[in-house]
2 protein chains.
Amino acid sequence: MVGVVGRMVGIKDVARQAGVSVGTVSNVINRPEMVAETTRDRVQAVIERLGYVRQESARQLRAGRSRIIALLVLDMANPFFVEVARGAERAAREAGLGVMVCNSAQSLEEEADYLGLFAEHRVRGVLVTPADVTGTNLEGFRRHDIPFVFVDREVPSGDACSVSVDDVEGGTLAGRHLIAQGHRSVVYVSGPMQLPQCQDRRAGLLAAFAEEGLPAEAMVHIEAERLDVASGRDAGARLLGISPRPTAVFCANDLLALGVLQALFAAGVSVPGEVALVGYDDIEFAAAAAVPLTSVRQPAFRMGRAAAELLIEETGEGADGHQHRRIVLQPELVVRDSTFAPRPAG
Amino acid sequence: MVGVVGRMVGIKDVARQAGVSVGTVSNVINRPEMVAETTRDRVQAVIERLGYVRQESARQLRAGRSRIIALLVLDMANPFFVEVARGAERAAREAGLGVMVCNSAQSLEEEADYLGLFAEHRVRGVLVTPADVTGTNLEGFRRHDIPFVFVDREVPSGDACSVSVDDVEGGTLAGRHLIAQGHRSVVYVSGPMQLPQCQDRRAGLLAAFAEEGLPAEAMVHIEAERLDVASGRDAGARLLGISPRPTAVFCANDLLALGVLQALFAAGVSVPGEVALVGYDDIEFAAAAAVPLTSVRQPAFRMGRAAAELLIEETGEGADGHQHRRIVLQPELVVRDSTFAPRPAG
DNA sequence: GCACACAAATGAAATGTTTCAAGACGGATT
DNA sequence: AATCCGTCTTGAAACATTTCATTTGTGTGC
């Protein structure tokens, strides 16, 4: 029960007890190599004995910025972003930094709130998947001199780093695979088409069609309200109403695909027997579905990691002449049961 | 491009420009009602114009503690904990606090690291699901006078608050349901039996057996290595090797259940036709499985919320005579297709 | 015109670190 | 003995805020 009474023990108390100056205690903590061994040991012992813990806020005050990077994602309920967070956290810890993970839940208001919070905390930088397609929130944020890196979004102008995945290519991979399985028509289940992701994946699908000489009309588009399982279920129901019944479905993310799968299953439609299904993201639950889902894998962990690394590079020591960079990672098709041995459509 | 050159604008700059003292600026920000309206407006205008943002670290330094509560969970890949986090975040924001979510990944080392980090940050308090069953990490943490609340764990001695769910009751709910469906034997797929959760749910299941006059031997126990889908798949394979084939399976969490479901599906075993399956937690993916899972719902959001509220109460203004409290929430059985109309076993 | 009350504004102290120029100490070189 | 050098150590300044005991200002009642 040390410290229950009285105030917190500070560097001064340690200095007094160890019979040295505060500067020396600070050196023991931050640059032990420049303190004589005997002194160092003595101070260390006192630190232990008193249970001294450095106060980060004072440290930050002096340093002018914190040792935290912020990660602002669209949807923590989506395992994809959890994976991104893991990657960012890994890179941050290697650099001795902490990560503050926040969920904008796609709300502009929440996003703005959090950006304000980050500014007050003088975070080292922000990794962000903007909810704000127009960029107004971020525009205001620039004033604070806090660098940010876009995650899972390409940024047109070169005023920030970005890490994204080639979504057009991802769509193409899915399209080629389905066409190679003999399908001549594909239903594309997307989320809101404002999202660049949804646009790009569609474009990629159409590119695959073009490659194989299929007309754009071979794509039937169902636009779901949100990128979640419930919306996927709805989309699945709508899909079942189409006649003749589609034989191939490509979903803009795995949550939608799981919803569609459920709807198909409930209607007694066999996957992949009657309908082939491709998802996107390759979250763990895609592989874990009753019928393991074929999915376009996004390197989520690597994306989070790369984004954090870019930020650390930008805010590091010799970061005078930092050039913003765009990293585009490549997706990968993971074939599983949900597109295995489909019955070619006429 | 304000502030790109020169240093950060502080309260002093605002004071100078507005022709008032720093104390007044501080008052405008923190207790606007004690500043004359005209002054207030003038200061506000300058704040806007200069883009002043309060520096949290200085504020904290003065206050002695931060405005952040930490949440340390076992597994962020488990949607259950994501939901807990959401609940905690909600309560925290209502109190004007931030939440720092961290993932111990069940590693004692990570847990210790994070606790150290929290101490340095002088967090307001910690909500924790200890990875450390023995409590050594937390024992050391007590020295820092940082209060904590146990989440999803009951604490025997009364030296901290806790919020948990009655796991024995949950096991009983599952057991009664399966017995009512005519099953006379149940396979219990658990995670590591050191975990109190796994013990309690088993105890609950046995209690249901006892109620109905079934012997304890009617329970076959499969202990999985971890509480995740892959382990569930393994458990499913082991389960299929049992002869005669079990007709009812109760899993200690939904991830395990999804793994089992997949294994059964791959083997062509019909759920619920041949085997009834009950999970635990009722994560979103349980309802979203191809065969929607019957599951024991834990009020995860409420749990996170209640925990944060307890902490806020403990660290609030009039918290002199705080009495530690234990809140035990009740689970609820959500019946879905995976246990519907099973074929009674002999 | 004086005392008093009240509101509003002030300015200095305090918070716990890090950093850095300067000082102290010993030993080696002249 | 004086000088220099290198290694350790020191002590004070700086960081940006909040708080609080004072001061200033203004109107009111006598």
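Below, read A as the first sequence line, B as the second, and so on, with proteins coming before strands; counting in each chain starts at 1. Side chains included, hydrogens not; waters and symmetry mates left out as well; all remaining heavy atoms used.
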If I take atom [atom1] in residue [X] and atom [atom2] in nucleotide [N], what distance separates them, rounded to the nearest angstrom?
{"X": "R40(A)", "N": "dT7(D)", "atom1": "CZ", "atom2": "C1'", "result": "13 Å"}
{"X": "M8(A)", "N": "dT15(C)", "atom1": "CE", "atom2": "C1'", "result": "13 Å"}
{"X": "R31(A)", "N": "dT18(C)", "atom1": "CZ", "atom2": "P", "result": "9 Å"}
{"X": "Y52(B)", "N": "dT17(D)", "atom1": "OH", "atom2": "C1'", "result": "7 Å"}
{"X": "I11(B)", "N": "dA12(C)", "atom1": "CD1", "atom2": "P", "result": "16 Å"}
{"X": "D41(A)", "N": "dT9(D)", "atom1": "CG", "atom2": "P", "result": "11 Å"}
{"X": "M34(A)", "N": "dT19(C)", "atom1": "CE", "atom2": "C1'", "result": "11 Å"}
{"X": "Q60(B)", "N": "dA14(C)", "atom1": "CD", "atom2": "C1'", "result": "16 Å"}

With the side chain of [X] defined as its heavy atoms from C-beta on, choose the nearest nucleotide among [options].
{"X": "K12(B)", "options": "dT17(D), dT15(C), dT10(C)", "result": "dT17(D)"}
{"X": "V35(A)", "options": "dT19(D), dT9(D), dA9(C)", "result": "dT9(D)"}
{"X": "T39(A)", "options": "dG16(C), dT9(D), dT18(C)", "result": "dT9(D)"}
{"X": "S26(B)", "options": "dT18(D), dT17(D), dG16(C)", "result": "dT18(D)"}
{"X": "R54(A)", "options": "dT18(C), dT17(D), dT10(D)", "result": "dT18(C)"}
{"X": "N30(A)", "options": "dT18(C), dT18(D), dT10(C)", "result": "dT18(C)"}

**Fill in**
Comparing nearest nucleotides in DNA chain D, the 5'-proximal residue of the pair L61(B), N27(B) is L61(B)
**Request:** Please say whether the positively charged group of R325(A), taken as NZ for Lys or CZ for Arg, lies over the ring of F150(A), i.e. under 6.0 angstrom from the six-membered ring centre and within 45 degrees of the axis.
**Result:** no
**Prompt:** Does F148(A) have R124(A) sitting over its ring (NZ/CZ under 6.0 Å from centre, angle to axis within 45°)?
**Reply:** no
**Request:** May I ask you to say what G10(A) touches in the nucleic acid, namely base, sugar-phosphate or nothing, with a heavy-atom cut-off under 4.0 Å?
**Result:** sugar-phosphate
**Request:** Name the nucleic acid region contacted by S57(A), choosing base, sugar-phosphate or nothing; use a 4.0 angstrom heavy-atom cut-off, strictly under.
**Result:** nothing
**Prompt:** Does the side chain of Q197(B) come under 3.5 Å of the side chain of D152(B) through a donor N or O and an acceptor N or O?
**Reply:** yes
**Asked** With no hydrogens and no angle check, do the side chains of S107(A) and S104(A) hold a donor and an acceptor under 3.5 Å apart?
**Response** no
**Request:** Would you mind telling me which residue lines up with the more 5' stretch of DNA chain C, R122(B) or S21(B), judged by nearest nucleotide?
**Result:** S21(B)
**Check: R62(A) side chain, dT18(C) base, donor-acceptor under 3.5 Å** = yes
**Prompt:** Relative to the ring of F141(B), is the ring of H144(B) parallel (under 30°), tilted (30 to 60°) or perpendicular (over 60°)?
**Reply:** perpendicular
